[in-house]
Amino acid sequence: MRLLIVGTLEGHITAAGQIAMQRGAKVSHVPDVDGGMRILREGQGADLVMVDVRQSVARLVKQMKQERINTPVVACGVQSDPDTAVAAIKAGAKEYIPLPPDAELIAAVLAAVAEEDNSVIFSDPIMAGTLKLADQIAPSDASVLVTGESGTGKEVLARYLHGKSRRANEKFVSVNCAAIPDNLLESELFGHEKGAFTGAVARRIGKFEEANGGTLLLDEISEMDIRLQAKLLRAIQEREIDRLGGSQPVKVDIRLIATSNRDLEKHVADGNFREDLYFRLNVFNLQIPALRQRPGDIKVLAEHFAKKYNEANGLAPRKLNAEAIARLESHHWRGNVRELENTMHRAVLLANGPEISIEAIMLTGEGMAPAAPPMPPITARPEPSGQPASAPPAQAPAQPAQAAAASGAAVDETGGKLVGKTVAAVERGLIIDTLSHCLGNRTHAANILGISIRTLRNKLKQYGDEGYQVPAPGEVDRASV
Ligand SMILES: Nc1ncnc2c1ncn2[C@@H]1O[C@H](COP(=O)(O)OP(=O)(O)OP(=O)(O)O)[C@@H](O)[C@H]1O
Ligand SMILES: [Mg+2]
């Protein structure tokens, strides 16, 4: 759950953000409507927008509608102001939350929005087997390692486990180990005491303590620095953590779930991941098969996403026709369920008949419109070293290259000629552009580029060393309240 707060919530932003974070939401904040639109547009996304009524709610809602961004908007304002509440609802806000914020009310709004996120849609017997195993292990407190290619639904499954566990009514806190710079991750996980380092002006409670009694998801654990792995191991073994600069260990009671889209055993063999930590985390391993390995899921997922995006866009319910389904079932789905979801989102917007037909299905690598999620535009795709072993050999080349071949000249997205440039220069341009597009978010950029985060980091370090300007890690993914 990602919450975007627009405006200062009349001075209650910290309280509202904290409540949302305690409920497991990722919170980002922008001062105004334009900032909010920027985030919504550029793919950082949000599941819910909370807007200060003193901002122009009408303009935000109108703009979002115009750009077909269908995130629910709730307005927040001080209680004594019913007229503003009415105006906000008329402007298109789904709810009005009175300030100061009430924890239960915010929790209810978040839960209503998040409800759908927790459902795991499946029909293939292979996935049924995975879920059966998940049901069996959910009630225990044992650590679970969820593995699978990018976009297979690891986070969805982690939330499912939590929802089926004895801790279901407690918090689910998630930390993306790849999105947070190494030097900040320790404090993020374990917290710090006032004065622990220059700038530590107050005690900060880390995610372990925040998740106390509930479940802690360590997302993309393979990216954790090896020194921090030692501290994590201790926390798991001793069931206590040390805040940075703290003198007393703090007891914590959490259920740990970790995810990785990389082969952790190989990581261990390469000396990048501690073997003892691997065994601690891997009490149970839930391996989510790639979508291409569970073709029976494609139709139900496609129908689920078609319904979701039809509703979200206020369109009449439309079914996929048989030809469209057959096309979906024959695709390779390198980006797994996430790619299918994006494809269906596009299909719903493109379809203009009473049903969704094959014309509306634009698959990656087949002449996708530029408005779609950014595509590597060229032939100079860096071959990732950390690609999952089961990844297919490079598929049909990305479509702009095909289009360019047809017209006789390779061009990049901005229309500039590629011929005459070195592969290294094109690769650098692609990587830096993609990263800026992702507001500096390394995880998203690596996913889009189809390379591992480590490869991306190494490239960025090299570019930085060579004097190129590299976008700083985005802060929008993390709480900024
Ligand atoms: N079985 C499923 N049912 C419904 N939605 C799903 C399912 N699996 C995945 N999704 C959706 O697909 C998208 C990707 O899922 P998720 O974020 O859990 O994948 P992931 O494996 O964690 O990806 P990454 O490795 O990139 O972090 C999400 O929008 C999620 O809601
Ligand atoms: Mg994930």
Side-chain angles (χ1 to χ4, degrees), residues 1-2 24 26 43-47 70-71 113-132 134-135 144-163 172 174-180 217-223 257-264 285-309 312 333-346 373 384 386-388 390-391 438 441-454 456 477:
M1 161 62 64
R2 297 158 303 173
K26 286 182 183 168
Q44 292 291 324
D47 304 299
N70 280 283
T71 311
V113 174
E115 203 173 336
E116 205 191 6
D117 288 349
N118 284 338
S119 48
V120 182
I121 308 291
F122 70 98
S123 153
D124 195 291
I126 294 188
M127 198 60 184
T130 308
L131 283 179
K132 185 156 175 255
D135 286 340
V144 182
L145 178 64
V146 182
T147 49
E149 287 181 19
S150 185
T152 44
K154 295 185 292 297
E155 183 159 352
V156 171
L157 192 62
R159 288 180 188 276
Y160 177 87
L161 281 169
H162 173 72
F172 177 89
S174 131
V175 183
N176 186 329
C177 302
I180 301 171
L217 170 65
L218 295 178
D219 215 358
E220 308 200 39
I221 187 96
S222 58
E223 304 307 312
I257 303 180
T259 75
S260 171
N261 56 19
R262 312 229 276 144
D263 182 350
L264 266 190
N285 179 205
L286 282 178
Q287 214 166 354
I288 311 188
L291 188 54
R292 75 190 81 89
Q293 291 161 339
R294 44 178 163 121
D297 282 349
I298 294 176
K299 181 166 176 270
V300 283
L301 281 165
E303 284 168 347
H304 164 75
F305 293 130
K307 181 164 177 286
K308 172 176 166 182
Y309 288 107
W333 301 116
R334 196 173 176 160
N336 293 295
V337 184
R338 183 177 292 109
E339 184 188 351
L340 176 58
E341 179 166 0
N342 291 341
T343 303
M344 289 317 300
H345 191 171
R346 279 195 296 272
Q387 201 73 314
S390 55
C438 297
N441 185 315
R442 268 73 175 149
T443 315
H444 289 181
N447 278 339
I448 288 167
L449 289 161
I451 59 177
S452 72
I453 292 171
R454 197 163 295 273
L456 178 64
D477 206 25

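Counting starts at 1 for both ligands and their atoms, following the listed order.
- One option in R338, E339, R262 has a heavy atom closer to atom 14 (C) of ligand 1 than any other, and that option is R338.
- E149 and R292 are joined by a salt bridge, as a carboxylate oxygen and a charged side-chain nitrogen come within less than 4.0 angstrom of each other.
- Residue contact check: E155 has heavy atoms under 4.0 Å from atoms 18 (O), 22 (O) of ligand 1.
- Close N/O approach between E341 and ligand 1 is found [any backbone or side-chain N/O within under 3.5 Å].
- Every heavy atom of A158 sits 4.0 Å or more from the atoms of ligand 1.
- Among residues two or more places apart in sequence or in another chain, the ring-ring contact (aromatic ring centres under 6.0 Å, His included) test is passed with F122 by none.
- Under the rule for a salt bridge (Lys or Arg N to Asp or Glu O under 4.0 Å), the partners of E303 that lie at least two apart in sequence or sit in another chain are K299.
- Note: no N/O pair closer than 3.5 Å links M127 and ligand 1 by distance alone.
- Of the possible polar contacts, one joining the D297 side chain to the S123 backbone as a donor-acceptor pair under 3.5 Å is found.
- Atom CE of M127 and atom OG1 of T152 lie 7.5 Å apart (nearest 0.5 Å).
- Of all the atoms in ligand 1, the ones that sit under 4.0 Å from a non-hydrogen atom of I121 are 1 (N), 2 (C), 3 (N), 4 (C).
- When only interatomic distances are considered, the shortest N/O to N/O separation between F305 and ligand 1 does not fall below 3.5 Å.
- Checked against a 3.5 angstrom limit, the closest N/O atoms of L301 and ligand 1 fall outside it.
- No donor-acceptor pair under 3.5 Å is formed between the side chain of R262 and the backbone N or O of S222.
- For G151, the heavy-atom gap to ligand 1 drops under 4.0 angstrom.
- Ligand-side atoms of ligand 1 in range of S119: 3 (N), 4 (C), range being under 4.0 angstrom from any heavy atom.
- With ligand atoms numbered from 1 in the order given, ligand 1 contributes 25 (O) to contacts under 4.0 Å with heavy atoms of N261.
- Below 3.5 Å of separation, one finds an N or O of K154 facing an N or O of ligand 1.
- Using a 4.5 Å heavy-atom threshold, the side chains of N336 and I288 count as separate.
- Considering backbone and side-chain atoms alike, R294 places every N or O at 3.5 Å or more from each N or O of ligand 1.
- Looking at heavy atoms from C-beta onward, L264 lies out of side-chain contact with T147 at the 4.5 angstrom threshold.
- The shortest side-chain heavy-atom distance between R346 and Y309 does not fall under the 4.5 Å cut-off.
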